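From a predicted model like this one, the values you see are computed outputs, not experimental measurements. Quick note on labels: first sequence line is chain A, next is B, and so on, each numbered from 1.
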There are 2 protein chains.
Amino acid sequence: METINPNHTVESLNDLLTAHDIKPTSQRLEIARLLFAHHNHFAAEEIFSMINHGSHSQINSASQNSVSKATVYNTLGLFARKGLVREVIADPNKVFYDPNTRPHYHMYDPSSGELTDISADTVQISGLPAAPSGREVEGVDIVVRLRRLE
Amino acid sequence: METINPNHTVESLNDLLTAHDIKPTSQRLEIARLLFAHHNHFAAEEIFSMINHGSHSQINSASQNSVSKATVYNTLGLFARKGLVREVIADPNKVFYDPNTRPHYHMYDPSSGELTDISADTVQISGLPAAPSGREVEGVDIVVRLRRLE
DNA sequence: TTTCCATTTAGAATCATTATAAACGTTTGC
DNA sequence: GCAAACGTTTATAATGATTCTAAATGGAAA
Ligand SMILES: [Mn+2]
Ligand SMILES: [Mn+2]
Ligand SMILES: [Zn+2]
Ligand SMILES: [Zn+2]
């Protein structure tokens with residue numbers, strides 16, 4: 001289920017960040033690569049440990065590419081603010097970061113911690129109320145909560 | 001927008017807890033009354049401060065009805081486990097407790113912290129995938145995220 | 001260079017929540 | 001009624017994700 005997409009060169013990631021008005025630094029590229037190479041949802045702590053304890057160096061294969069915890073959090077917040085990634089609120093004790101910003105929904109299994117995508121193509125929702133005055137709808141989140149079969 | 005429902009006597013709350021296999025204690029009744037008298041979603045910390053600093057004594061009007069923070073958290077967890085209330089995950093830094101356990105959806109405005117109900121009657125969803133094998137769907141959460149109009 | 005400004009960082013602080021272990025209350029067994 | 005047993009409540013400590021602070025770093029500009 002874990003596919004690594006090699007179609008992200010350092011240059012294309014550079015362009016991606018630049019297009020989102022984010023100055024590409026080595027730390028930001030490292031974090032972006034993690035998110036966009038794996039098609040997966042990650043929490044900040046996971047990204048932090050993948051970068052520091054995992055074997056995912058590609059940009060600078062010689063050094064151990066460490067990024068501080070503060071920078072991981074700052075960077076993910078920045079990415080979300082700039083619309084490069086999306087925050088998914090499905091678990092009360094961690095925020096997931098989703099490299100897919102197009103409309104789609106999620107299925108969450110708290111017992112395994114697995115968060116998977118539901119394509120928006122097949123899903124139809126209707127009858128949702130309009131935003132109250134002075135507000136607009138930023139997005140519609142659907143989370144199908146799973147549990148182990150009794 | 002804050003309506004207090006007086007249709008909850010101590011006896012009816014007693015029965016409600018008992019029906020959900022929860023032994024009614026004064027602390028549990030106090031917390032249940034807060035949730036069911038107001039038709040509102042509350043976080044644990046809100047309930048804690050409403051009980052301790054607010055003016056909501058009705059069961060024992062003489063004493064100041066204090067309930068410890070640990071008991072507030074324990075009780076809300078118990079209520080949720082027993083199906084008396086429902087947890088709503090809409091804000092990354094607090095869990096809301098919802099006295100309405102029937103299917104319905106939510107609208108959330110992070111800028112005000114307001115969480116409001118969307119009736120399930122008017123909403124149609126279709127095309128959601130089935131649960132993977134070994135799992136079942138516990139529920140489908142919809143959160144319409146709002147933001148201030150630019 | 002020297003200055004400037006953004007970025008990164010270690011570490012402290014925050015805050016919601018959970019764990020611990022003792023105190024308390026109520027039920028049960030006699 | 002009395003005491004063990006058990007569930008409940010509590011103060012307090014611990015946890016863990018996240019944010020804050022204030023200093024260090026590093027590249028671009030002057
Ligand atoms: Mn019920
Ligand atoms: Mn948070
Ligand atoms: Zn997703
Ligand atoms: Zn609700």
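What separates CZ of A:F48 from P of C:dG11 is a distance of 12 Å, to the nearest Å. In this structure, CG of A:N93 is placed 18 Å from P of C:dC15, rounded to the nearest angstrom. Taking atom CZ on B:F96 and atom P on C:dA16, their separation rounds to 12 Å, with Å as the unit. A straight line from CD of A:E87 to C1' of D:dA17 spans 13 Å, rounded to a whole angstrom. With rounding to whole Å, A:D91 atom CG is found 14 Å from D:dT18 atom C1'. Between the NZ atom of B:K94 and the C1' atom of D:dT18 there is a distance of 16 Å, rounded to whole Å. In this structure, A:I31 atom CD1 and C:dT8 atom C1' are separated by 11 Å, rounded to whole Å. Distance CD (A:E46) to P (D:dA17): 10 Å, rounded to an integer number of Å.
In the set C:dT8, D:dT18, C:dT17, C:dT8 carries the atom at the smallest distance from any side-chain atom of A:R28. Comparing atom distances between the A:Q27 side chain and each of D:dA17, C:dT9, D:dT8 picks out C:dT9 as nearest. Side-chain atoms of A:A44 lie closest to D:dT18 of the nucleotides C:dT17, D:dT18, D:dT8. Considering only the side chain of B:E45, C:dA16 comes nearest among D:dT8, C:dA16, C:dT9.
The side chain of A:T25 contributes no N or O atom lying less than 4.0 Å from OP1 or OP2 of C:dA6.
Distance CG/A:L17 to CD1/A:I31: 10.0 Å, rounded to 0.5 Å. Annotation: the span from B:L13 atom CG to B:R28 atom CZ amounts to 14.0 Å, rounded to 0.5 Å.
With B:Y97 as the partner, the side chain to side chain contact (heavy atoms under 4.5 Å, CB included) test is satisfied by one option alone out of B:T75, B:L76, B:L34, B:N40: B:L76.
Listed in residue order, the members of residues 68-82 of chain A having a heavy atom less than 4.0 Å from DNA chain C are A:S68, A:A70, A:T71, A:N74.
A donor-acceptor contact closer than 3.5 angstrom links the side chains of B:S68 and B:T71.
Ring geometry for B:H41 against B:H106 counts as perpendicular: the plane angle is over 60°, on a 0 to 90° scale with 30° as the lower cut. Between B:H53 and B:F48, the angle of the ring planes goes over 60°, which puts this pair in the perpendicular group of the 30/60° scheme.
Residues B:L128 and A:V144 come closest through the heavy atom pair CD1-CG2, 4.1 Å.
Closest-nucleotide positions on DNA chain C for B:K23 and B:A43 were compared, and the one nearer the 5' end corresponds to B:A43.
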